[in-house]
Structures are given as structure tokens and as C-alpha cells.
Protein chains: 4
Amino acid sequence: MTSSITSPNSEIQLTRGHKKKARTRQALIEAAIHIYSEKGVSELQLNGLAERAGVSNGTIYNYFKTRDEVLHAVGIELADQFSQRITHVSQGIENAVERVAVGIRMFILQGRSDPTWAGAVAGLFQHDQTIQSIVANNLLNDLVLGIKQGQFHIKNKLVAMGLIASATIGAISAILEGLDQADYDSSLAEMLLLALGVRAEQASQIANQALPEKKLEPGPESNVKRGRGRPRKTIGR
Amino acid sequence: MTSSITSPNSEIQLTRGHKKKARTRQALIEAAIHIYSEKGVSELQLNGLAERAGVSNGTIYNYFKTRDEVLHAVGIELADQFSQRITHVSQGIENAVERVAVGIRMFILQGRSDPTWAGAVAGLFQHDQTIQSIVANNLLNDLVLGIKQGQFHIKNKLVAMGLIASATIGAISAILEGLDQADYDSSLAEMLLLALGVRAEQASQIANQALPEKKLEPGPESNVKRGRGRPRKTIGR
Amino acid sequence: MTSSITSPNSEIQLTRGHKKKARTRQALIEAAIHIYSEKGVSELQLNGLAERAGVSNGTIYNYFKTRDEVLHAVGIELADQFSQRITHVSQGIENAVERVAVGIRMFILQGRSDPTWAGAVAGLFQHDQTIQSIVANNLLNDLVLGIKQGQFHIKNKLVAMGLIASATIGAISAILEGLDQADYDSSLAEMLLLALGVRAEQASQIANQALPEKKLEPGPESNVKRGRGRPRKTIGR
Amino acid sequence: MTSSITSPNSEIQLTRGHKKKARTRQALIEAAIHIYSEKGVSELQLNGLAERAGVSNGTIYNYFKTRDEVLHAVGIELADQFSQRITHVSQGIENAVERVAVGIRMFILQGRSDPTWAGAVAGLFQHDQTIQSIVANNLLNDLVLGIKQGQFHIKNKLVAMGLIASATIGAISAILEGLDQADYDSSLAEMLLLALGVRAEQASQIANQALPEKKLEPGPESNVKRGRGRPRKTIGR
DNA sequence: TATGAATGAGTCTTCATTCAT
DNA sequence: TATGAATGAAGACTCATTCAT
């Protein structure tokens with residue numbers, strides 16, 4: 001049942017009979033993330049959610065007043081996790097170019113190692129302001145830093161930000177749809193660095209250098225065995 | 001607010017009684033595009049569609065067996081229009097760099113001049129393989145051409161393609177959400193050319209040169225004369 | 001199926017295939033009135049309503065946007081019918097004392113001849129402003145008239161109005177609960193006339209004189225055969 | 001807003017640990033009375049009740065097997081209180097006309113001084129036989145007495161009883177809805193005495209004379225000391 | 001073909017009641 | 001006894017689809 005979605009300290013909670021409430025809430029959010037990932041954000045049905053979380057439908061309403069509140073809570077949670085995961089790896093990196101490259105690549109690599117999580121994040125990105133803002137903030141800081149460091153040459157920061165965000169999300173989506181490519185992460189990172197005005201050799205070098213050795217995040221093997229199959233037949237509801 | 005989606009001068013159509021059927025079908029599709037644009041693909045409700053198209057709900061089922069069939073037909077139509085509009089503007093441009101730049105910019109400019117259409121296309125892009133394939137085909141040809149012409153230096157064509165597509169769609173979405181920027185089109189085009197390995201000065205020059213004087217929108221009567229029957233060979237379903 | 005609840009001209013409608021819509025709406029309202037009468041206003045359940053009206057539950061929503069709208073519509077309808085029935089019989093009576101007496105008695109007699117209707121009106125009286133206002137208006141006019149005619153001697157018209165209304169509604173309720181009394185109508189009318197300051201002999205005479213020969217209202221026999229049994233076990237929902 | 005329902009000085013209660021049970025039960029009933037008064041009898045929800053009583057929802061089921069049992073207990077309690085309050089004020093009054101007038105006025109005055117309690121009683125009156133019976137018994141005795149004293153001239157005692165009860169309850173409801181009038185109590189009492197056949201001058205004099213100086217509300221400790229067990233013989237269920 | 005009322009399966013939501021702690 | 005999370009039956013509401021006219 002544990003998955004990389006579970007917050008880090010959840011093992012402690014699971015051992016005790018206490019904190020039942022927190023556990024159920026977490027179970028609901030995790031189940032929601034799985035459903036997001038498999039069927040898309042707009043497909044979340046409360047019956048399915050309850051079943052997947054192993055509770056009865058009424059239980060959902062002990063934690064969320066309405067369906068929308070569930071969606072929102074999941075958004076917050078994903079945004080939170082996103083922020084943690086990405087900032088985690090770029091901690092300690094001083095060079096803005098490297099920070100950006102590492103961020104892009106790490107996120108793409110999540111598309112392979114934890115497709116559930118990545119799929120949910122990617123899917124949610126279009127629908128939730130919260131997660132967009134978080135990405136935007138992280139990115140903007142690094143862009144500003146890089147400009148100050150004289151490494152980025154950008155005419156319009158907002159356009160640049162949008163470019164990086166949508167390209168990265170797009171890459172994740174492509175990978176999840178089976179269009180993976182060898183070195184997708186470094187290829188894309190290199191191109192995006194070029195777009196930001198980084199010199200070609202530097203872009204190539206930084207985009208292809210080894211990633212820091214930090215663990216991506218708990219990420220148990222269970223993430224891999226889950227297929228992201230079930231092709232959506234219907235677009236709408 | 002002007003939109004090429006709007007049916008052509010209706011007097012012309014009314015003169016021929018026997019085109020009623022085709023007209024109703026077209027009215028439904030156009031109404032659907034409006035709804036796509038305003039509320040998102042997954043929000044299409046058949047009652048609202050009928051109302052918007054000025055027919056009664058039962059009438060829909062004279063043209064489509066099921067809701068899914070409506071969605072599919074709209075997808076085809078949008079893909080079709082997209083294809084026409086884009087190929088239209090790059091007709092006659094020999095230089096691959098220019099072709100790509102013009103394509104990107106023209107599409108972004110639609111976000112301003114015909115937001116309904118652009119919004120629908122952008123929204124559909126995430127959900128429908130058909131339209132993705134069309135973009136892919138157009139783009140791939142130009143990329144290959146540019147490589148042959150020695151102007152693009154790309155490691156992975158598929159990655160490059162995904163980059164351009166998602167960045168452009170992302171730009172449209174941003175604009176539709178009110179996050180417009182002056183020179184969004186040329187700024188983004190320039191960055192993307194850089195990403196493709198075009199030299200900085202050339203990228204800047206081509207991305208900022210005046211666009212060809214072609215009208216953005218094909219004449220309205222083309223909406224009708226384009227045969228619905230013409231089977232299209234697409235990669236997607 | 002027809003009942004005194006049906007509006008007068010409904011027979012005409014029922015003969016034609018046209019006006020299906022109006023017929024269904026009327027069927028819903030009539031069914032609601034029956035339920036009101038049997039189970040009380042707060043017990044109206046949409047499933048039961050649909051079943052009783054012989055339509056499927058979804059059909060209700062073709063006529064009313066929400067449960068509350070059903071309640072309101074029934075309130076309007078009952079208030080309308082109330083107004084018609086009562087004003088009908090007092091038409092042409094010039095003397096205010098007589099008008100009031102006839103109104104009180106007629107309404108009480110409805111408690112016997114059309115218990116469904118009367119029960120619904122009585123039950124609704126506590127919950128709906130609309131019907132209260134209508135009663136109030138009818139009554140107030142007659143009180144003012146009687147005062148002008150020098151027959152009523154009242155200190156406070158509003159108190160008097162409340163007295164008459166609640167006493168009459170209370171009588172209906174008592175009758176519907178099986179606590180009927182011979183001459184309930186004239187006994188109560190006489191007491192209320194006394195309360196309004198009418199002289200004893202006049203009160204007695206007017207309260208006991210024969211009622212005008214007008215038919216109460218369509219009132220088919222089907223109204224009588226329906227028992228108002230099913231004692232409410234539960235108070236709340 | 002002062003209310004005799006409010007539990008007595010809680011310090012006294014806290015000194016005795018062994019009365020916890022009785023206190024919780026009483027807290028629940030008092031909370032229920034507040035809810036009755038504010039939202040109507042049929043709106044009592046067990047979650048809200050628990051919250052208002054300051055206990056957790058499960059606790060209710062330590063005192064009542066079912067929601068209906070709660071409603072019933074509240075009914076008993078209110079009827080009990082009603083009986084005490086009314087008999088309290090008319091104690092020592094020999095004249096039946098005065099007894100009736102005082103009863104009516106006192107009850108109406110509760111609508112102002114203790115609207116919570118009065119509202120609950122009035123609301124319950126329509127739904128609960130118990131409280132109706134208590135009123136009936138009190139009233140009937142006085143009516144019989146008044147007839148024996150030659151002061152009431154009534155054709156039908158039951159009709160008269162119903163008239164007084166419903167008129168008084170109606171008055172309370174009107175006041176609670178904000179339709180208060182100066183001298184509502186004496187105005188109504190006077191009219192009702194007239195209805196009972198009392199001569200005009202006497203009715204006016206008695207209905208308007210000063211009320212006895214008794215406190216409206218029995219001492220708070222009575223809330224506790226009144227045995228819950230005392231079986232009451234009532235007509236109603 | 002067009003209409004629009006009717007349908008009913010499917011969803012969300014509420015709330016009295018149960019039960020492990 | 002007290003707690004409060006969990007339960008699930010039940011009710012309101014939606015909407016794609018059918019069908020008589």
C-alpha cells in the first residue's frame with residue numbers, strides 16, 4: 001500500500017493505532033492521486049475513490065466537505081510534494097544553469113520512476129492554479145539568479161518560464177504515453193538551456209553531466225509495477 | 001471575438017433547401033467548438049450543445065449516434081482546420097527556419113485574433129491523438145528540412161517536436177488565461193529557434209521579421225465545401 | 001385520477017395529446033398535494049412524488065429545478081385554489097359578518113368533503129408565507145368592511161386576523177385527526193363572531209343559517225375514499 | 001434571550017460527580033429544545049445536537065436508543081415544563097374566567113420573555129399529542145368550572161378548547177415571527193373570553209387587569225429535581 | 001428530420017447508527 | 001460512559017439517450 005506518494009513520515013504513523021484520522025485522510029489523497037494518474041483529473045468519482053482507499057463512501061465526507069474540496073486538497077498535496085522533490089535535489093547547487101537543468105531532468109526522470117505521481121502532477125497542471133504557482137516560483141528564482149550570474153539571456157522572463165514549464169510537462173506526458181526516448185531528460189534540458197541563451201558547449205555539458213546522488217524520494221518498487229494503461233476511450237465525462 | 005467558426009453568411013445557405021442537413025451538423029460542431037473553448041473539452045453537455053446550436057436535444061441524435069461520436073467529429077474538424085490554417089501560411093516559404101518560426105507565431109497570434117478556435121485546439125490537444133499527429137507531421141517535415149538545410153542542430157527530432165508543440169500550446173493557453181505579453185509570438189519563436197540550434201543572430205532576425213501578408217483565416221465557405229467524407233489518414237485513432 | 005385538486009379545465013387538456021407538459025406538471029403537483037396531506041410538508045420525497053405522479057424521477061427536473069421549487073410551486077397552487085374556493089362562495093354576500101362566517105364554515109366543511117386538499121392547506125399554512133398572505137388579505141378586507149359597517153368591534157385587526165386564521169386551521173387539523181364534532185363549522189363561526197364583537201343573537205343567527213347553495217368546487221367522490229390514516233410515527237425527518 | 005432552559009449554576013452540579021449522567025442527559029434535552037426553537041422540530045440533527053450539548057455524537061446513544069427516543073423525551077420534558085409553568089401561575093385563582101385569561105396571557109408573555117422555550121412548545125404542539133393533551137386537560141377543567149360558575153356560555157366544549165389552544169399557539173408563533181403587537185396578550189384574551197360568552201365589560205376588565213406577581217419561570221433547580229421517572233398519564237401516545 | 005418530454009442509471013451528499021478504543 | 005471515525009442506506013440531482021409525435 002505504501003507508495004512514493006506517501007509522505008516520508010507515514011511509516012511511523014502506520015505503526016500506531018493512533019492517528020487513524022490522519023491515515024485515512026492520507027489514504028484518500030493517495031487513492032485520488034492514483035485515479036488522477038490513471039483516468040485524468042476530471043474523472044474522479046467519489047465512489048471509486050472510496051473503494052480504492054478502502055473506506056466507505058460516507059467516510060470521505062468526514063474529511064472533505066465536498067468533491068471539490070477533495071480535488072483541491074489533492075492539488076495542494078501534489079504541489080507540496082512537487083516542491084519538496086524538486087527543490088530537494090537542487091539544494092546546494094549554486095549555479096543557476098545547473099539548478100534549472102537538474103530540475104528539468106529530475107522531473108522527467110520521475111516520469112519513469114514514479115509514473116503515477118508524475119502523471120497526476122502533469123494532469124493537474126492544467127487545472128490547478130496552486131501547482132502552477134509553485135512551479136512558477138521555483139523557476140522564476142532560478143531564472144533571475146541565472147540572469148544575475150550572466151548566464152541566461154532572456155527577453156521575457158514570463159515567456160521563458162512558460163516555455164520551460166510547458167515543455168517539461170509535455171515531456172512527462174509524452175513519456176507516460178509511451179513515447180519515451182533515450183536521454184529524454186538531458187536532450188530536453190539541453191535544448192531548453194539553449195533557449196535560455198546559454199552557450200552551446202556549456203548547455204551540452206551541463207545538461208549531460210551526472211546528476212547529484214541524492215535519492216529521488218522514497219519511491220518503492222510498487223510504483224513501477226503499476227501500468228499506466230487503460231487508454232481513455234472517452235474524452236469528456 | 002471574431003471567429004472563423006461562425007457559419008458563413010447564412011443567406012447563401014438558406015437559398016438551398018437541400019443543404020439543411022449539412023448545415024445542422026455544422027452548426028452542432030461549431031457550437032461544440034465554442035463550448036470547448038469556454039468550458040473545456042470534458043465539459044461538453046449535450047443539452048447545452050443543442051441549445052447553443054439552436055436545435056432541440058433530440059436532433060443531435062440524427063447526426064451522431066453518441067456523445068463520443070460528437071467529440072470525435074469535433075476533433076476531426078478542428079484538426080482539419082488546424083492543418084489548413086497552418087499549411088496555408090507557410091505555403092511558399094522555402095526556408096525551414098522561417099517555416100517553423102512563422103508556424104509558431106501564426107498559431108500564437110490566433111490566440112488573440114480567434115481565441116475561440118485557438119482555445120478549442122489547445123484544449124483538445126491534450127485529449128486527442130488526431131490533432132497531435134497532424135501537428136507532428138507538419139512539424140517533422142520542417143525539422144527534417146531544416147536539418148538538411150544545415151540550419152537546425154538537433155539531437156533528437158521527437159524531443160524537439162514535443163518541445164515546440166507543447167511550448168506553443170502552452171503559450172496559447174497562457175494568453176487565453178490573460179497572461180499575454182507583448183511580442184509573445186516572436187519571443188517564443190526566437191527561444192525555440194535557439195533551442196533548435198539556430199544561431200542567435202539568425203534566430204532573432206527571423207523570429208522578429210514581418211509576417212507574410214496572408215490572411216490568418218481561410219474563407220468561410222471552405223467550412224462547407226471541405227468534404228466531411230474525405231477519409232484522413234492519421235496516426236492517432 | 002382526477003381529483004378536486006385538478007384545476008377546473010383539466011378535463012379538456014386530458015382529452016388531447018397536446019399539452020402533455022401541462023398535464024405532467026399538474027400530475028406532479030397533485031401528487032405532491034396528496035403526499036403533503038398524508039405525510040406532512042417536510043416529508044415530501046422526490047422518489048415517492050415521481051412514483052405517485054406516475055413518472056420517473058428525472059422527469060420532475062423537467063419541471064422544477066430543485067426540490068424547493070416543487071414545494072414552492074405546490075404552495076402557490078394551493079394558495080391559488082384556496083383563494084378561488086373561498087372567495088367563490090362569499091361572492092355576492094354584502095354583509096361582512098356573513099362573509100366571514102361563510103368563509104370560516106366553508107373552509108371547515110372542506111375538511112370533511114376534501115380532506116386531502118384541506119390537510120395539505122392546513123399543513124402548508126405553517127411553512128409558506130404565500131398562503132398566509134392570501135388568507136390574510138381575504139380576511140383583512142372583510143374585517144375592515146365589517147368595522148365600517150359597524151358590526152365588528154375590534155381593538156387590533158392583526159390580532160383578530162391571527163385569531164381567525166389559526167382557529168380555523170386548528171379546527172381543520174382537529175377534524176382531520178378524527179376529533180370531529182357535529183356543527184363544528186357553525187359552532188366555531190359563532191364563537192369567532194362573538195370574539196369579533198358581534199352581538200350574541202346575531203352571531204348565533206348568522207353562524208347557523210343555511211349556507212349559499214354554491215357547489216364547493218368540482219370535488220369528486222374519490223376525495224372521500226382516501227383515508228388520511230398512516231399515523232406519523234416519526235416527528236422529524 | 002434569557003432562558004430557563006439554561007442549566008442552573010453549573011458549579012453546584014460540578015460538586016457532585018455522581019450526577020454526571022443526569023446532567024449529560026439534561027444537557028442533551030436542553031440543547032434539543034434550543035434547536036427545536038430555532039429550526040423547527042423536524043430539523044433536529046443528531047450531530048448538531050451533540051455539538052450543541054458539548055458532547056460527542058456517540059454519547060447520545062448512551063442515553064437514547066434512537067433519534068425518535070430523543071424527540072420523545074424532549075416532548076415529555078416540554079410538556080412537563082409547560083404543565084408546571086401554567087398551573088403555577090393560575091394557582092390560587094378561583095374565578096374560571098380569570099384562570100383562563102391569566103393562562104392565555106402568561107403563555108403569550110413567554111413568547112417575549114423566553115422565546116426559546118415558547119417557540120419549542122409552539123412548534124411541538126402540532127406534532128406531539130402529549131403536549132396537546134396536557135393543554136386540553138388544564139383547559140377543560142377551567143371551562144367546566146366556568147360553565148358551572150355561569151360565566152361561560154358555550155355550545156361545544158371541545159370546539160372551545162380547540163379554539164383557545166390554537167389561537168394561543170398561533171399568537172406565540174406570530175410573535176416569534178416578529179409580528180408582535182402591543183397588548184397582544186390582553187387583546188387576544190379579551191377576544192377569546194368574548195368567544196366563550198363572557199359579557200363584554202367583564203371580558204375587557206379581566207383581560208386587562210394586572211397579572212399576579214408570580215415569577216413566570218420556576219426556579220432552575222426544578223429542572224433537575226423533577227424526577228424523570230414519574231410516569232405521566234396522558235391521552236396521547 | 002425535428003422536437004422535446006420522458007427515462008433511469010449513475011453521482012454526489014446527508015445523517016442516523018455502529019463500534020473499536 | 002465518552003469518544004469520534006466509519007458505515008451505508010437513502011435521497012437529491014444530472015445528463016446521455018430514447019421515443020412518440
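Every chain is numbered from 1, with letters handed out A, B, ... down the list of sequences.
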In whole Å, I'd like the distance from the [atom1] atom of [X] to the [atom2] atom of [N].
X: A:Leu46; N: E:dT13; atom1: CG; atom2: P; value: 7 Å
X: B:Leu28; N: F:dA16; atom1: CG; atom2: C1'; value: 15 Å
X: C:Gln45; N: F:dA9; atom1: CD; atom2: P; value: 16 Å
X: A:Glu43; N: E:dG10; atom1: CD; atom2: P; value: 15 Å
X: A:Arg25; N: F:dA6; atom1: CZ; atom2: C1'; value: 17 Å
X: B:Ile60; N: E:dT1; atom1: CD1; atom2: C1'; value: 14 Å

Quick check: do [X] and [Y] have side-chain heavy atoms less than 4.5 Å from each other?
X: B:Leu78; Y: B:Tyr36; answer: yes
X: B:Glu38; Y: B:Glu43; answer: no
X: D:Val121; Y: D:Phe125; answer: no
X: C:Leu46; Y: C:Ile60; answer: yes

D:Glu51, CD atom: more than 12 neighbouring heavy atoms under 6.0 Å: no
Electrostatic pair B:Arg23-B:Glu30, nearest N-O below 4.0 angstrom: no
Between CG on residue C:Asn62 and OG on residue C:Ser56, distance to nearest 0.5 Å: 8.5 Å
For DNA chain E, the residues among residues 47-59 of chain B that have a non-hydrogen atom under 4.0 Å from it: B:Val55, B:Ser56, B:Asn57, B:Gly58, B:Thr59
Dot-bracket notation for DNA chain E, counting Watson-Crick and G-U pairs under 3.5 Å, with | for partners on another strand: .||||||||||||||||||||
Side-chain N,O (C:Tyr61) to OP1/OP2 (F:dC13) below 4.0 Å: yes
Under-4.0 Å side-chain N/O to phosphate OP1/OP2 contact, A:Thr24 with F:dA6: yes
side-chain hydrogen bond (donor to acceptor under 3.5 Å, both in side chains) partners of A:Asp128, counting only residues at least two apart: A:Thr130
Distance-only criterion, 3.5 Å: show the donor-acceptor pairs between side-chain atoms of residues 66-76 of chain A and protein atoms not counting sequence neighbours.
from, atom 1, to, atom 2, distance (Å)
A:Arg67, NE, A:Leu44, O, 3.1
A:Arg67, NH2, A:Leu44, O, 3.0
A:Glu69, OE1, A:Lys65, N, 2.9

Nearest atoms (heavy-atom pairs only) where A:Leu49 meets A:Ala31: CD1-CB, 3.6 Å
Partners passing side-chain contact (heavy atoms from CB on, under 4.5 Å) against C:Tyr63 (at least two apart in sequence or in another chain): C:Lys21, C:Thr24, C:Arg25, C:Leu28, C:Thr59
Residues from residues 62-75 of chain A lying under 4.0 Å of DNA chain F - heavy atoms: A:Asn62, A:Tyr63
